[in-house]
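The next block holds one structure in the form of structure tokens; read it before the comments.
Letters A, B, ... are given to chains in the order of the sequence lines, protein chains preceding strands, and every chain is numbered from 1.
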Amino acid sequence: MPKPVFDHKAIETTLQKKWEDAKLYETNLADTSKEPYYLLFEFPYPSGDLHIGHWYAYAITDIYARLLRMKGKNVLFPIGFDAFGLPAENAAMKQGANPKEWTLANMEKMRGQIRSIGASLDWSKEVVTCSPEYYQWTQWLFAKLYEHKLAYRASASVKWCPKDQTVLANEQVTDGKCERCDTEVVEKKLTQWFMKITDYAERLLSDLDELPWREEIKEAQRAWIGRSEGAKLLFPLGACTVEADPIEVFTTRPDTVFGATYLVLAPEHPLIESLLACIGNEKEVRAYRDATARKTERERSENKEKTGVQLEGIMAVNPATKKEIPIYVADYVLASYGTGAVMAVPAHDERDFEFAKKYDLPLIQVVQPTDGIFREPITNPNYVPYTGNGTLINSGKFDDKENFKVFSDIIEFAGGERTTNYRIRDWLVSRQRYWGCPIPIVYDPEGMPHVIPAEHLPWKLPEDVDFSPTGKAPLASSKELHERVERIFGKGWTPEYDTLDTFVDSSWYYLRYLDAKNPRAFSDADAMRAWLPVKRYSGGSEHTTMHLLYARFFHKALYDLALVPTAEPFQERYNRGLIMGPDGQKMSKRWGNVVNPDEMLEKYGADAVRMYLAFIGPYNEPGHYPWKLDGVEAMRRFIDRIYQLSERVADGEVSSVLQKALVKANVKIESDSDRFKFNTALSALMVLVKELETMESVPASAWSSFLIMLAPFAPHLADHLWETAGNEGSVHSAKWPEADIELLNEDTATVTVQVNGKRRGEVTLSSSATEEEARTAAFELPAVAVLLAGGEVKKVIYVQNRIINIVMG
RNA sequence: GCUGGAGUGGCGGAAUUGGUAUACGCGCUAGUCUUAGGAACUAGUCCCUCACGGGUUGCGAGUUCGAGUCUCGCCUCCAGCACCA
């Protein structure tokens, strides 16, 4: 007779409908009788193709949501769509679709696919960033930031993606390429909208210390913010026919200023233009400037050989030595960092050394190493620049002092000031694309920007638009938008054509979940007080220096405007791993290794897919996991074994052995799940099932406890068996069994016996056995006795219930 | 190059945080059932050895009664940053 199997096709969708009809997962945010727990994952972009990775994101966090609910927490587990963005526009151009319709259709399709995995999501709070109900508040918040000078318009050299025909934020450029399409970016000087994230650099950095995030994530953010302490020093110009301010440099090594033998300006340094008139080699300098302007930053850094041109006929004065030193323009100095000018200390800086060698510039050693290690002297051709600490020489009155002890004194002596510099640049938020949130700004006839008053929000995205990207923002082609602006603001007024980067939309969506339908405010103050910060936030590693940084900035800015009650948005952060194709490669149509999620569900069922994903590895660290059918089949077997086990359920007493097994599983599932280690939690469940399988009949009460523990992992199977076992309601409304840890205290314990640290056997002792008793028992072991005869016992180490180690001479 | 994280069976990964290394699962081997199975079930499965034994957590040292876990040095992989002054 064939064994019965779990008929997932018939059962899973029926149960999902039942849960939804019962509104089982709609969280009452005002319910204060239970402790709130805000569990969040990064909301999806509606690309239209659901990836197994989506389920990995939702189904595995769902395990925890279900567990917490059964443990009596009021759990907020919401979902929405990050619905503005480029792919919609690209599809529009390719297939002639309308970006809005394309997006809405994809969302509808994905809602069904997401639902089919059986996650306990609260859809009633769904947030869609491209809906006017949402983006009016993105605009409102932008206006707030603008009023407080945290959003501003400025001309700057920015990164431009030639393929996507839009500017990009620095964070969206990896290795000189567009994050999205991998095209090499170029620099352009453009007037754009920025957010003043640099104002928050220090707090974004120092507040990391208090966050219980993985060091990896925190370090990546620290590196991105890139704080360095140093000084600003002024180098006045020598004789020159034009009146010019001193050249300001930033240095982290003011202690080496006596060794600065030349200055270098970045090719884009504004001073060069005003000096061109009084330098001897104007043509040459212009030519060099133009040549570097044509290169991308990447091309500049790839060129290992340093290049530059001296500004002839003009000198700067070293403020420490008062001596005149030459000035160069060279592209190894970046205009975007510090002051765009550096003092070169070739004796103690590798880059300056390289440049000085090429152009035969003088080296002055000012730091003498004191570590006693032999190094080539500076007069030797093999000299390598020494960048460490030591004793100062050739430094006037600072000679013989330790360099790091006189930092401040030297800065003062040279007339400079201490400063801190950050690598991070202001966040560029405007995009020359259609499918994004319109920037709520209009320009008066003089071209001055004005924020659009709140009564005109949502400032709607026009529909009569030519999407094709020409480098000019598509919104410029809208007749309706022009008419709207003139109608409301007057003749000669013009709209802002750029839209906001989607990362602006996603910087506050977790606030909107708390009051998703509110037409009067972006969120509810009481709800924010009760629910923020988000307790646990799960997402992808790729967002460490993008979304995660932006959202922290945005939140802090709102905090300063008293709009949110906490300084940080997310308490805990977990970066999830990646589900790869069966071949271990990233799933891609190009490799033909894309796993169709719907087929998996059809064949194995949602519970098997869920459990496979849970078991694949620890969820609290980002690994790369190939999708293996063998693994899914194993979970399918496990499900059927449980299903078959249900036929043995009968009335009866729960033995103490079984009781212990239940408690053990309970404790492990709880503690492992708290650490997002669902793989080991599930293994505890497997051990318990093995235990149950050894029994002729499974007592009904033990079976119910088991089903509750199974419920987070296999919600359909558990609820179905809960019902067939004759229980009331849904297993998902049941209470998690209280673990009686006392039961785990065994009367006896197996104690390992070691001689000189080597395992020689084990003895079973009462768990309260004294050292004396353990010793006696251990000495009686034949394997031990043999060794005892050959020597003298020097020491005995006894760890109760664990180990006894006999140390012999 | 700098910074951070990590190296455990054929594979994904366990190890109460210093106390029986390899849980759980995959794969593999043998068997049972079957006309057959790439189904299901049962048993075995770190390495060397017929065995007795011995060895094993990237490599080498150290601390300790005892080290996968702590310390130091090296190697390798992953990630972030990278001409950042």
Has A:Asp331 got a side-chain atom pairing as donor or acceptor with A:Thr292's backbone, closer than 3.5 angstrom? no

Side-chain N,O (A:Arg423) to OP1/OP2 (B:rA82) below 4.0 Å: yes

Rounding to the closest angstrom, what is the interatomic distance between B:rC70 and B:rG19 at atom C1'? 14 Å

For nucleotides 61-67 of chain B, tabulate all protein N/O to nucleotide N/O atom pairs closer than 3.5 Å, reporting atom names and distance.
from	atom 1	to	atom 2	distance (Å)
B:rC65	OP1	A:Lys795	NZ	3.3
B:rC65	O2'	A:Asn805	ND2	3.1
B:rC65	O2	A:Asn805	ND2	2.6

Tell me whether B:rG5 sits syn or anti, counting syn as a glycosidic angle within 90° of 0. anti

Within the structure provided, determine whether A:Phe250 and A:Leu233 are in side-chain contact (heavy-atom separation under 4.5 Å). no

Distance below 4.0 Å between A:Lys758 side-chain N/O and B:rG55 OP1 or OP2: yes

A:Arg425 side chain vs A:Ser336 backbone, donor-acceptor pair below 3.5 Å: yes

For RNA chain B, whose closest nucleotide is more 5', that of A:Glu219 or that of A:Thr545? A:Glu219

Candidates B:rG54, B:rC83, B:rA23 - which lies nearest the side chain of A:Arg760: B:rG54

Kindly say if A:Lys218 contacts the phosphate of B:rG80, meaning a side-chain N or O under 4.0 Å from OP1 or OP2. no

Within the sub-3.5 Å range, which N or O atoms of nucleotides 26-31 of chain B have a protein N or O partner, and how far apart are they?
from	atom 1	to	atom 2	distance (Å)
B:rC26	OP1	A:Arg637	NH2	2.7
B:rG27	OP1	A:Asp630	OD1	3.3

Watson-Crick/G-U partner (both atom distances under 3.5 Å) of B:rU71: B:rA61

Using a 4.0 Å heavy-atom cut-off, does A:Ile616 contact any base of the nucleic acid, only the sugar-phosphate backbone, or nothing at all? sugar-phosphate

Lys/Arg N to Asp/Glu carboxylate O, A:Glu229 vs A:Arg227, below 4.0 Å: yes

Could you give the distance separating B:rG66 and B:rG55 at their P atoms, to the nearest angstrom? 15 Å

Shortest side-chain distance from A:Lys677, nucleotide among B:rA85, B:rC41, B:rA14: B:rA14

Which value, in whole Å, describes the distance between the P atoms of nucleotides B:rA21 and B:rU29? 30 Å

What's the gap between B:rC72 and B:rU64 when it is taken at their C1' atoms, as a whole Å value? 16 Å

State plainly whether the residues A:Lys690 and A:Glu693 are in salt-bridge range, i.e. N to O under 4.0 Å. no

Taking 4.0 Å as the cut-off, does a side-chain nitrogen or oxygen of A:Tyr332 come that near to OP1 or OP2 on B:rA85? no

Atom NZ of A:Lys218 with >12 non-hydrogen neighbours under 6.0 angstrom: yes

Taking atom CD as the centre, does A:Gln644 end up with more than 12 heavy-atom neighbours from other residues, nucleotides or ligands that are less than 6.0 angstrom away? yes

Under 4.0 angstrom between A:Asn679 side-chain N/O and B:rG25 OP1 or OP2: no

Just by modelled atom types, is the A:Thr256 backbone N or O under 3.5 Å from a matching donor or acceptor in the A:His348 side chain? no

Is the terminal nitrogen or CZ of A:Lys306 (NZ for Lys, CZ for Arg) located under 6.0 angstrom from the six-membered ring centre of A:Phe355 and within 45° of that ring's axis? no

Is it true that A:Asp672 and A:Arg675 have a side-chain N and a carboxylate O under 4.0 angstrom from each other? yes

A:Trp224 six-ring centre to A:Arg423 NZ/CZ under 6.0 Å and within 45° of normal: yes

Gap in Å between the two P atoms, one belonging to B:rG18 and one to B:rU71, rounded: 11 Å

Ordered by number, residues from residues 255-272 of chain A within less than 4.0 Å of RNA chain B (heavy atoms) are none

Is the count of non-hydrogen atoms from other residues, nucleotides or ligands lying under 6.0 Å from A:Lys357 atom NZ greater than 12? no

Could you give the distance separating B:rA43 and B:rC48 at their P atoms, to the nearest angstrom? 25 Å

RNA chain B nearest-nucleotide lookup for A:Lys690 and A:Thr174: closer to the 5′ end is A:Lys690

